[in-house]
Amino acid sequence: KNEVEQSPQNLTAQEGEFITINCSYSVGISALHWLQQHPGGGIVSLFMLSSGKKKHGRLIATINIQEKHSSLHITASHPRDSAVYICAVSRTDKLIFGTGTRLQVFP
Amino acid sequence: KAGVTQTPRYLIKTRGQQVTLSCSPISGHRSVSWYQQTPGQGLQFLFEYFSETQRNKGNFPGRFSGRQFSNSRSEMNVSTLELGDSALYLCASSSAVSSYNEQFFGPGTRLTVL
């Protein structure tokens, strides 16, 4: 079993839909990261959080430390949100990555 | 501020050769981490350098090595290349003294081993 699990693996949405991507982890962490990777490879850090909730524009990330679970929400999705979203957890010595969720948003 | 830069962006090598990849962090960042991304294994941590010292290391063979210079620029080297080393190699820099605060990623170097 992977230490970081994401669901779903693939997600298709119509423009304007509300999207949720989930991340569960089984190890102790110091922080959880949500990353976005567009075709071509570049990765952008969206959020780093260790408790509670953070919001940036149409993106919201939450984490429940007791349940070892985090969610990334996208409100009013847009085709430009199409990308792979990766959850990663920080331990004292490294980052451990989930396998990613491929999101496609159609007009 | 300029972002993280990596050179070269694309590289084609043959089995048995060696390769050196370069990463220039954001100005002022002292931590540089390297990652390998393949379709089969996803993203995996290679190593992290801070102030010219390797602070953490992932589970990769000794053919993978790195170093960091006094200006925080970092290089990674892969010797005796294998077909399975074909991957996107990403570096990321961070300003924090403690490991694994927010990471800023470079565009990556896509290595193809023939």
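So that the names make sense, note that chain A is the first sequence line, chain B the second, and so on, each numbered from 1.
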* **Side-chain donor-acceptor contact under 3.5 Å, A:Gln9 with A:Thr101** => no
* To do: Please list, chain by chain and in numerical order, all residues satisfying side-chain contact (heavy atoms from CB on, under 4.5 Å) with A:Asn22, sequence neighbours excluded.
  => A:Ser7, A:Thr20, A:His69, A:Ser71
* Structure fact -> If one checks every heavy atom of B:Leu90 against chain A at 4.5 Å, the contacting part turns out to be side chain
* Asked: Between A:Ile96 and chain B, which part of the residue has a heavy atom less than 4.5 Å away: side chain, backbone, both or neither?
  -> neither
* Go through the structure and list residues passing side-chain contact (heavy atoms from CB on, under 4.5 Å) with B:Phe69, not counting sequence neighbours. => B:Arg67, B:Asn71, B:Arg73, B:Glu75
* Structure fact -> If one checks every heavy atom of B:Gln41 against chain A at 4.5 Å, the contacting part turns out to be neither
* **Over-ring placement of B:Arg110 relative to B:Tyr10, 6.0 Å and 45° cut-offs** => no
